[in-house]
> 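Take this structure first; my questions come after.
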Amino acid sequence: MYREVPEPIQKPHEGPGEMGKPVVIPKEEQEKMKEMFKINQFNLMASELIALNRSLPDVRLEGCKTKVYLDNLPTTSVVIVFHNEAWSTLLRTVHSVINRSPRHMLEEIVLVDDASERDFLKRPLENYVKKLKVPVHVIRMEQRSGLIRARLKGAAASKGQVITFLDAHCECTVGWLEPLLARIKADRRTVVCPIIDVISDDTFEYMAGSDMTYGGFNWKLNFRWYPVPQREMDRRKGDRTLPVRTPTMAGGLFSIDRDYFQEIGTYDAGMDIWGGENLEISFRIWQCGGTLEIVTCSHVGHVFRKATPYTFPGGTGQIINKNNRRLAEVWMDEFKNFFYIISPGVTKVDYGDISSRLGLRRKLQCKPFSWYLENVYPDSQIPRHYFSLGEIRNVETNQCLDNMARKENEKVGIFNCHGMGGNQVFSYTANKEIRTDDLCLDVSKLNGPVTMLKCHHLKGNQLWEYDPVKLTLLHVNSNQCLDKATEEDSQVPSIRDCNGSRSQQWLLRNVTLPEIF
Ligand code: UD2
Ligand code: MN
């Protein structure tokens with residue numbers, strides 16, 4: 001029998017931010033909004049206007065919506081660590097997990113408070129989560145420990161067969177969990193990340209992330225998104241609903257089999273506060289026999305911020321450098337020199353004792369970093385094969401090429417050699433590029449100046465042939481030679497017809513670290 005369903009008084013999806021719509025703050029409130037922004041480095045006023053269980057669009061590829069998953073997938077605990085998180089973002093994360101996860105796959109949610117200083121995150125939080133229909137445990141660090149050790153504590157306190165980590169300002173969308181758990185069930189040594197969608201820090205608008213980007217890193221060991229290369233599209237025969245093998249993970253959102261997390265050595269507990277742990281676990285997974293994937297049918301949103309809202313006890317730079325040194329020393333073999341030579345300051349940072357991590361690498365018989373570059377990340381900014389890494393010195397003037405601005409489209413300079421790495425470091429690679437990080441020496445016209453452009457790996461204007469006897473650097477496309485700074489502009493090298501003069505001779509020094517430090 002049919003019955004007329006009365007119109008609901010308030011239509012669903014009409015409140016602020018429903019269906020992931022942006023929230024616009026009226027003019028008269030904007031002063032207050034700006035003040036509140038500073039607390040968490042996102043638009044807290046907007047966040048507070050949005051329901052804790054707001055609706056979101058289904059942003060999945062069509063081919064994902066019809067996939068069917070086994071019902072007996074492993075259970076997961078969701079571990080969320082936080083330090084001084086806002087109530088609305090933290091609880092919206094929790095509600096989105098509860099509302100959009102099949103109940104029998106969700107063991108529990110574990111909230112780890114990393115010594116927050118806000119009263120509402122103490123008793124009021126505990127009282128609130130008690131009423132939820134999924135067990136939510138709140139555990140606390142005794143002192144500020146950073147996200148790495150907080151996650152370790154959360155993992156140790158959890159019981160699910162899989163551990164899923166989320167940041168404290170996320171929103172899970174429909175169907176996010178099943179494809180992650182299904183991959184782990186198929187192979188317990190596969191570590192999986194969802195596509196990380198963008199929740200605007202300004203309006204809290206929900207914007208779908210791309211399935212065509214994956215994780216990499218640059219010479220400074222910053223995590224970066226890069227386009228998924230053709231070889232990875234080919235491996236999946238063009239099916240974008242299949243998981244993408246990714247060289248690195250962003251860090252905050254991933255699922256891992258509980259026992260496998262133990263086996264491969266959880267996290268490096270010697271890392272402090274924030275940073276580096278994402279590359280560390282990525283290298284470790286690949287080098288020690290696992291697989292790291294972005295599961296393109298799983299979408300979770302995250303509020304990306306432009307600045308960090310909290311303190312780094314001991315100094316931001318110090319902490320990140322220490323964490324990065326630990327991962328470089330343990331996992332990167334001789335390729336750590338690319339990091340050290342471009343950021344010489346980091347070698348002065350004390351990185352503590354890494355013997356147990358080195359022991360782990362031996363015990364697990366992990367592969368060398370060169371294997372990772374060759375097989376997992378051939379399009380890396382760090383070249384697997386190269387002839388030199390160091391300065392490029394002009395024989396006549398005894399000055400060095402200098403990537404002064406370290407910016408795209410900038411001209412290259414030539415200055416007195418300082419031997420301190422940084423701007424005067426270039427690598428002449430087996431592909432005959434001269435590069436520093438992701439920028440390549442490029443000349444686009446006859447007699448033209450040398451500029452730094454994004455490496456395109458298509459040879460063209462970025463192909464250089466070094467003659468170790470004549471010491472010339474031939475720009476192949478123009479058949480001209482790299483020359484010292486020209487008279488018109490005494491600081492900008494350019495290409496000229498090859499004439500055998502000393503101003504066209506260059507020494508590519510393969511600097512080894514003890515020489516500079
Ligand atoms: C990214 C990752 C983050 C982490 C970080 C590198 C994503 C979306 N986020 O930066 O998870 O891997 O890179 O370390 O991939 N927190 C603490 N204690 C602290 C500092 C932070 O509990 O001392 C919490 C914080 O409240 C948040 C989580 O750790 O829930 C990550 O911190 P974030 O959001 O500042 O990091 P994010 O997203 O900039
Ligand atoms: Mn975050």
Side-chain angles (χ1 to χ4, degrees), residues 39-42 47 78-94 97 109-118 121 125 138-155 163-172 191-201 209 213-217 221-225 246 248-256 267-269 271-282 292 294 298-316 318-324 326-327:
I39 303 174
N40 299 89
Q41 294 297 338
F42 54 62
S47 178
V78 175
V79 174
I80 300 168
V81 304
F82 62 92
H83 175 73
N84 288 348
E85 188 63 50
W87 177 269
S88 52
T89 42
L90 176 63
L91 272 310
R92 199 172 299 114
T93 310
V94 170
V97 170
I109 297 174
V110 178
L111 302 180
V112 187
D113 171 15
D114 186 13
S116 298
E117 294 134 340
R118 297 183 183 160
L121 293 170
L125 178 65
V138 182
I139 57 181
R140 316 230 182 233
M141 303 304 284
E142 273 159 29
Q143 53 178 45
R144 176 84 184 281
S145 310
L147 71 96
I148 296 120
R149 291 194 284 276
R151 281 186 196 158
L152 286 172
K153 183 154 177 165
I163 304 172
T164 298
F165 293 100
L166 295 179
D167 274 9
H169 30 260
C170 288
E171 290 177 64
C172 304
V191 179
V192 286
C193 310
I195 288 185
I196 309 182
D197 295 331
V198 175
I199 302 171
S200 161
D201 57 341
T213 58
Y214 78 171
F217 59 92
L221 300 187
N222 301 124
F223 170 86
R224 286 281 179 272
W225 299 106
T246 180
T248 69
M249 65 159 87
L253 291 62
F254 67 100
S255 297
I256 186 168
Y267 272 125
D268 177 358
M271 289 188 172
D272 301 327
I273 305 295
W274 186 100
E277 95 295 341
N278 49 340
L279 295 191
E280 195 272 340
I281 198 170
S282 303
L292 180 59
I294 295 171
S298 171
H299 278 263
V300 178
H302 169 263
V303 184
F304 286 92
R305 293 182 276 215
K306 296 175 190 78
T308 170
Y310 31 73
T311 57
F312 281 59
T316 318
Q318 289 284 78
I319 287 169
I320 297 174
N321 288 342
K322 173 187 169 182
N323 293 352
N324 281 342
R326 290 182 71 87
L327 85 94

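Indexing begins at 1, ligand by ligand and atom by atom, following the structure's order.
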> I need the atoms of ligand 1 closer than 4.0 Å to a non-hydrogen atom of Ala168, numbered in the order shown.
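Here the atoms of ligand 1 in question are 30 (O).
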
> Looking only at protein heavy atoms, identify the closest one to atom 9 (N) of ligand 1 and say how far it is in Å.
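Protein heavy atom at minimum distance: Asp167 OD2, 3.1 Å.
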
> Salt-bridged, Asp113 to Arg140, with N to O below 4.0 Å?
yes

> Who's closest to atom 35 (O) of ligand 1 heavy-atom-wise, of Tyr310, Trp274, Phe304?
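Looking at heavy atoms only, the winner is Tyr310.
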
> Of all N, O or S atoms in Asp167, identify the one at the shortest distance from the Mn ion (ligand 2).
OD2

> Taking both backbone and side-chain atoms of Ile196, is any N or O found less than 3.5 Å from an N or O belonging to ligand 1?
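Between Ile196 and ligand 1 (N or O atoms, distance only) the closest approach is not under 3.5 Å.
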
> Find the distance between CZ (Phe82) and OG1 (Thr93) and round it off to the nearest 0.5 Å.
11.0 Å

> For atom 29 (O) of ligand 1, find the nearest protein heavy atom and state the residue, atom name and distance (0.1 Å precision).
Leu147 CB, 3.4 Å

> Write down the atom of Leu166, the atom of Cys172, and the distance for their closest heavy-atom approach.
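Residues Leu166 and Cys172, closest heavy atoms: CD1-SG, 3.9 Å.
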
> Measure Asp114 to ligand 1 on non-hydrogen atoms and call it side chain, backbone, both or neither using the 4.0 Å cut-off.
side chain

> Do we get Arg151 above Tyr267's six-membered ring, with its NZ or CZ under 6.0 Å from the centre and within 45° of the axis?
no

> Using a 4.0 Å heavy-atom threshold (strictly under), name the region of Ala250 that reaches ligand 1: side chain, backbone, both or neither.
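The part of Ala250 near ligand 1 is both the backbone and the side chain.
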
> May I ask you to identify, for Arg151, whether its side chain, its backbone, both or neither come under 4.0 Å of ligand 1 on a heavy-atom basis?
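Arg151 to ligand 1: side-chain contact only, backbone stays beyond 4.0 Å.
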
> With a cut-off of 4.0 Å, which atoms of ligand 1 are near a heavy atom of Gly146?
18 (N), 19 (C), 23 (O)

> When you measure from the side chain of Arg305 to the backbone of Asn40, do you find a donor-acceptor pair of N or O atoms at a distance under 3.5 Å?
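Such a contact is found between Arg305 side chain and Asn40 backbone.
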
> Is any side-chain heavy atom of Leu90 less than 4.5 Å from a side-chain heavy atom of Leu125?
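In short, these two side chains touch, coming nearer than 4.5 Å.
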
> Can you tell me how far CZ of Arg144 sits from OH of Tyr310, rounded to the nearest 0.5 angstrom?
7.5 Å

> How far is atom 26 (O) of ligand 1 from its nearest protein heavy atom, and which residue and atom is that?
His83 N, 3.1 Å

> Below 2.8 Å, can you find an N, O or S atom of Cys170 next to the Mn ion (ligand 2)?
no

> Suppose I only count heavy atoms of His302 and a 4.0 Å limit; which atoms of ligand 1 are within that range?
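In order of numbering, the contacting atoms are 8 (C), 38 (O).
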
> For the residue pair Asp268 and Glu277, establish whether any side-chain heavy-atom pair is separated by less than 4.5 Å.
no

> Could you list the atoms of ligand 1 found under 4.0 angstrom from a heavy atom of Ile273?
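Ligand 1 atoms under the 4.0 Å threshold to Ile273: 19 (C), 20 (C), 23 (O).
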
> Near Leu253, which atoms of ligand 1 are under 4.0 Å from a heavy atom of that residue?
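Checking each atom against Leu253, I get 8 (C).
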
> Would you please say whether a donor-acceptor pair under 3.5 Å links the side chains of Asp201 and Gln41?
no

> May I ask you to identify the nearest protein heavy atom to atom 15 (O) of ligand 1, giving residue, atom name and distance to one decimal place in Å?
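So the nearest neighbour among protein heavy atoms is Gly252 N, 2.8 Å.
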
> Please list, in number order, the atoms of ligand 1 under 4.0 Å from a heavy atom of Arg305.
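Listed by number with element, the hits are 33 (P), 34 (O), 35 (O).
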
> Have Ser47 and Ser88 got a donor and an acceptor in their side chains that come within less than 3.5 Å?
yes

> May I ask you to identify, for Arg144, whether its side chain, its backbone, both or neither come under 4.0 Å of ligand 1 on a heavy-atom basis?
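Only the side chain of Arg144 comes within reach of ligand 1.
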
> Using only atom types and a distance under 3.5 Å, with no angle test, would you say the side chain of Ser282 pairs donor to acceptor with the backbone of Met249?
yes

> Give the single entry among Val81, Asn40, Leu279 that approaches atom 30 (O) of ligand 1 most closely by any heavy atom.
Val81

> Where do Ile148 and Asp272 come nearest, in terms of heavy atoms and distance?
CD1-O, 3.9 Å

> Relative to the heavy atoms of Glu277, which atoms of ligand 1 are at a distance of less than 4.0 Å?
4 (C), 6 (C), 12 (O), 14 (O)

